[in-house]
Amino acid sequence: MSDLRLRFAPSPTGYLHIGGARTALFNYLLAKKERGTFILRIEDTDVARSTQESVDAILQAMAWLGLSYDEGPYYQSDRFDLYKAKVQELLDKGLAYRCYCTQEELDAKREAALKSGGKPKYDGTCRERSQAAAPNAPFVVRFKSPHEGETTFVDRIKGPITFRNEELDDIIIQRSDGTPTYNFVVVVDDAEMGINLIIRGDDHVNNTPRQIPMYTALGYQIPEFAHVPMILGADKSRLSKRHGATSVMAYQEQGYLPEALVNYLARLGWSHGDQEIFSMEELIEKFSLEQVGRAAGVFNPDKLLWLNAHYIKTGDPVRLASLLTEFLAKLGLATENGPDLSAVVKTLQERARTLVEMAEGAAFYYKSEVEYDEDAVAKFLTADKHEPIAALLRNLEACDSWNHDGIMAAFQKVTEETGLKLGKFGPAVRVALVGGTTSPGIHEVVEVLGRERVLTRLRQALDLLR
RNA sequence: GUCCCUAUCGUCUAGCCCGGCCCAGGACACCGGCCUUUCACGCCGGCGACGGGGGUUCGAAUCCCCCUGGGGACGCCA
């Protein structure tokens, strides 16, 4: 166990999205690799927007991805007493002050600043004010940011980053309703929880120079920072719903495997030479901040799909079968009275890219009635196929070893008896058994579909041809 | 607008720190071929990039500067 302490700190105002998942993954991987501690903290100081549903959704998504944490989840809403005390401490030290400016005044100042071409920061009106305008006037508490000199930190991904302190304004650390704000509680909690490396999204780079003085003001040690680049949509704007699914669990519903998403997310912005395929174990072994890229990356659904196809192709059929059941159920199909599902999976692994596609491909095995595709029937299940199908039926009825060799022999016999090669009558058999023109190999279909169902469907096809 | 970050194929990236092995390698996608009873898988091949301009150097994708492009932040959200 090393003393490395990392955290993922989502805000429960929605589901876990792709970007958050990657941040969580990087934290998880480094914690595992360095045998440190991975902490989950729920940042729910915005009581109005935080919901239990979101918390549950985030927890569920992390569990699905396999991102387990060593401590937590801690809830900031449970820690308001601590924050209150810390605000008071700053007030007592003269490092924070009450601000009585109203929302309207602030809006006006912001607008004016923006109009005059400057940064819309707070002008410090109340910084030197000694007392309230009115005895019971509502106030917020602001932190006295340094206004001179510069603040520099060495980002573990981006290198040294320097801000001039005159860019900073006095940010609000406690709202007029008494609740604390993000930039303050994140410092208190990261320090109190002993976090020594903060891996978070790029969008927080600008918050870092505002947070560093607070660590100092509260007598905390400043942690290290590593800001991972954003994930963009195809149009290079920040990834959002209009780019398609951004929720981790939406991918589960679309038939993606968690290892595919994990692999994809890891490779988006991180690399290990030319290697593309990584198991979670391998990621833990090989991950390092040094190999994380510095530029934002575009989310590429095609590559995710390719990875998913890879993991379906190489996955354990029994496991895939158990995952597939749910997707078959969505199609209204039950597997109890049909062929063995893992045998079915084996016939589909190379031709399905998602579990949704696999379920669709497996449907014909489980439908009680063959659903004939009209065009396929018209084209392939023609009267001249009566003879070879009848021959196949006879040979399969007589087949006493229902396995690959036995079935091959039955087909071979049809060719001998009718002089027709497989290419001539195979498509007709496929339509008879499947209903359409695409399916796994015809011999496999016969074997896996099973004797009774095959014979029944062949007889039904013969009836159709009469 | 101001500040911060960033820049290799359409996309993800290797190479950049420690200049020559790079007329730039891999992957996805795309195109062509092979395999094949279907659909796929697989295999082989192709297309395709160092944003621009200045330096430094015998030599720059690699070092420096400027420009441009892209992203982010600027909230009593996180």
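Chain identifiers are assigned alphabetically (A, B, ...) following the order of the sequence lines, protein sequences preceding nucleic acid strands; residue numbering begins at 1 within each chain.
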By nearest atom, which of the nucleotides rU11(B), rC28(B), rU37(B) is closest to the Lys236(A) side chain? rU11(B)
Rounding to a whole Å, what distance do you find between Tyr97(A):OH and rC76(B):C1'? 14 Å
Under 4.0 Å between any heavy atoms, over every strand shown, what does Leu422(A) touch: base, sugar-phosphate, or nothing? Just pick one. base
Would you indicate what Thr438(A) reaches in the nucleic acid, counting non-hydrogen atoms under 4.0 angstrom: base, sugar-phosphate, or nothing? base
Decide side-chain hydrogen bond (donor to acceptor under 3.5 Å, both in side chains) for Glu447(A) and Asn403(A); before the verdict, give the C-alpha distance in whole Å, the side-chain angles of both, and the deciding distance to 0.1 Å. CA-CA 6 Å; Glu447(A) 182 179 350; Asn403(A) 55 31; over 6 Å; no
Over how many whole Å does the gap from Phe299(A) atom CZ to rG10(B) atom C1' extend? 17 Å
Looking at Arg110(A), I'd like to know whether one of its side-chain N or O atoms comes within less than 4.0 Å of OP1 or OP2 on rG75(B). yes
Any-strand Watson-Crick or G-U partner of rC28(B), both distances under 3.5 Å: rG10(B)
Think Lys121(A) has a side-chain N or O under 4.0 angstrom from the OP1 or OP2 of rC3(B)? no
Base, sugar-phosphate, or nothing for Asn207(A), non-hydrogen atoms under 4.0 angstrom? base
If you assign Leu232(A) and Cys99(A) each to the RNA chain B nucleotide with the nearest heavy atom, which residue ends up on the more 5' nucleotide? Leu232(A)
From rC3(B), rA78(B), rC76(B), nucleotide with atom closest to Val140(A) side chain: rC76(B)
Is any side-chain N or O of Arg430(A) under 3.5 Å from a base N or O of rU37(B), one able to act as donor and the other as acceptor? yes
Would you give the length of the straight line joining atom CZ of Phe225(A) to atom CZ of Arg200(A), rounded to the nearest 0.5 angstrom? 5.5 Å
Sugar-phosphate only, base, or nothing, as touched by Asn183(A) at under 4.0 Å among non-hydrogen atoms: base
Exam field: side chain Tyr366(A) to backbone Pro339(A), donor-acceptor pair closer than 3.5 Å: yes
Gap in Å between the two C1' atoms, one belonging to rG71(B) and one to rA27(B), rounded: 24 Å
According to a strict under-4.0 Å criterion, is Thr437(A) in side-chain N/O contact with OP1 or OP2 of rC39(B)? no
Does Lys303(A) come within less than 4.0 Å of Glu276(A), counting only side-chain N to carboxylate O? yes
Rounded off to whole Å, could you give me the CD-to-P distance for the Gln275(A) and rC28(B) pair? 14 Å
Can you figure out which of rC3(B), rC5(B), rA14(B) approaches the side chain of Asp274(A) most closely? rA14(B)
Classify Thr45(A) by what it touches in the nucleic acid, base, sugar-phosphate, or nothing, heavy-atom distance under 4.0 Å. sugar-phosphate
Please confirm whether the shortest side-chain N or O distance from Thr181(A) to OP1 or OP2 of rC76(B) is below 4.0 Å. no
Starting from C1' on rC16(B), measure out to CD on Glu290(A) and report it in whole angstrom. 16 Å
Which of rC74(B), rU2(B), rU13(B) is nearest the side chain of Arg267(A)? It is rU13(B)
Can you tell me if the side-chain N/O atoms of Arg238(A) get under 4.0 Å from OP1 or OP2 in rA73(B)? yes
Just to be sure I understand the rule, does Gln174(A) reach a base, reach only the sugar-phosphate, or reach nothing, if contact means heavy atoms closer than 4.0 Å? nothing
Looking at rC3(B), which nucleotide sits across from it as a Watson-Crick or G-U wobble partner, both distances under 3.5 angstrom, or is there none? rG72(B)
Please determine, for the side chain of Glu350(A), which listed nucleotide (rA73(B), rG1(B), rC41(B)) has the closest atom? rC41(B)
rG72(B) base to Asp202(A) side chain: any donor-acceptor pair below 3.5 Å? no
For rU57(B), which nucleotide is its Watson-Crick or G-U wobble mate, given both distances must be under 3.5 Å? none
Residues Thr125(A) and Tyr100(A): side-chain donor-acceptor under 3.5 angstrom: no
Contact under 4.0 Å: Lys313(A) side-chain N or O vs rG42(B) OP1/OP2: yes
Using the six-membered ring wherever Trp is involved, compare the ring planes of Phe299(A) and Tyr264(A) and label them parallel, tilted or perpendicular (cut-offs 30° and 60°). perpendicular
Separation of rA78(B) P from Ile198(A) CD1 (nearest whole Å): 16 Å
For the residue pair Phe153(A) and Phe163(A), does the interplanar ring angle fall in the parallel (under 30°), tilted (30 to 60°) or perpendicular (over 60°) class? parallel
Can you tell me the base-pairing partner of rC16(B)? Count Watson-Crick or G-U wobble geometry only, both distances below 3.5 Å, and say none if there is no partner. none
Which part of the nucleic acid, if any, lies within reach of Ser176(A) when heavy atoms closer than 4.0 Å are counted: base, sugar-phosphate only, or nothing? base
Would you mind pulling out the nucleotide paired to rC43(B), Watson-Crick or G-U wobble, both distances under 3.5 Å? rG33(B)
Report which part of the nucleic acid Val205(A) touches: base, sugar-phosphate, or nothing (heavy-atom distance under 4.0 Å, all strands). sugar-phosphate
Can you tell me if Ser237(A) and Asp235(A) form a side-chain donor-acceptor pair at under 3.5 Å? yes
Evaluate whether atom NZ of Lys413(A) has more than 12 neighbouring non-hydrogen atoms of other residues, nucleotides or ligands under 6.0 angstrom away. no
Mind checking if His272(A) touches a base, just sugar-phosphate, or nothing, with heavy atoms under 4.0 Å? nothing
P atoms of rG46(B) and rG26(B), separation to the nearest Å: 10 Å
Rounded to the Å, how far apart are Asn263(A) CG and rC12(B) P? 17 Å
For rC41(B), decide between syn and anti, treating a glycosidic angle within 90° of 0 as syn. syn
Among rC5(B), rC76(B), rC12(B), the one nearest any side-chain atom of Lys158(A) is rC5(B)
Distance-only donor-acceptor test (3.5 Å): side chain Arg351(A), base rC39(B): yes
Base, sugar-phosphate, or nothing: which does Ile442(A) touch, judged by heavy atoms less than 4.0 Å apart? base
Do Asp169(A) side-chain atoms and Tyr122(A) backbone N/O form a donor-acceptor pair below 3.5 Å? yes
Remember a base hit wins even if backbone is also touched, and classify Pro209(A) as base, sugar-phosphate or nothing at under 4.0 Å, heavy atoms. nothing
Over all strands shown, is His204(A) touching base, sugar-phosphate only, or nothing at heavy-atom distances under 4.0 angstrom? base
RNA chain B: 5'-proximal contact among Arg210(A) and Glu276(A) (nearest heavy atom): Glu276(A)
Using a heavy-atom cut-off of 4.0 Å across all strands, would you classify Asn300(A) as base, sugar-phosphate, or nothing? base
From CZ of Arg200(A) over to P of rA78(B), roughly how many Å is that when rounded to an integer? 14 Å
In whole Å, what is the span from the CD atom of Glu105(A) to the P atom of rG75(B)? 16 Å
Under the 3.5 Å rule, do the base of rA78(B) and the side chain of Asp203(A) count as making a donor-acceptor pair? no
Side-chain N,O (Arg294(A)) to OP1/OP2 (rA7(B)) below 4.0 Å: yes
Report which part of the nucleic acid Thr162(A) touches: base, sugar-phosphate, or nothing (heavy-atom distance under 4.0 Å, all strands). sugar-phosphate
Which of rC28(B), rG25(B), rC4(B) is nearest the side chain of Trp306(A)? It is rC28(B)
rG48(B) and rC5(B), which share atom name C1', separated by this distance in whole Å: 29 Å
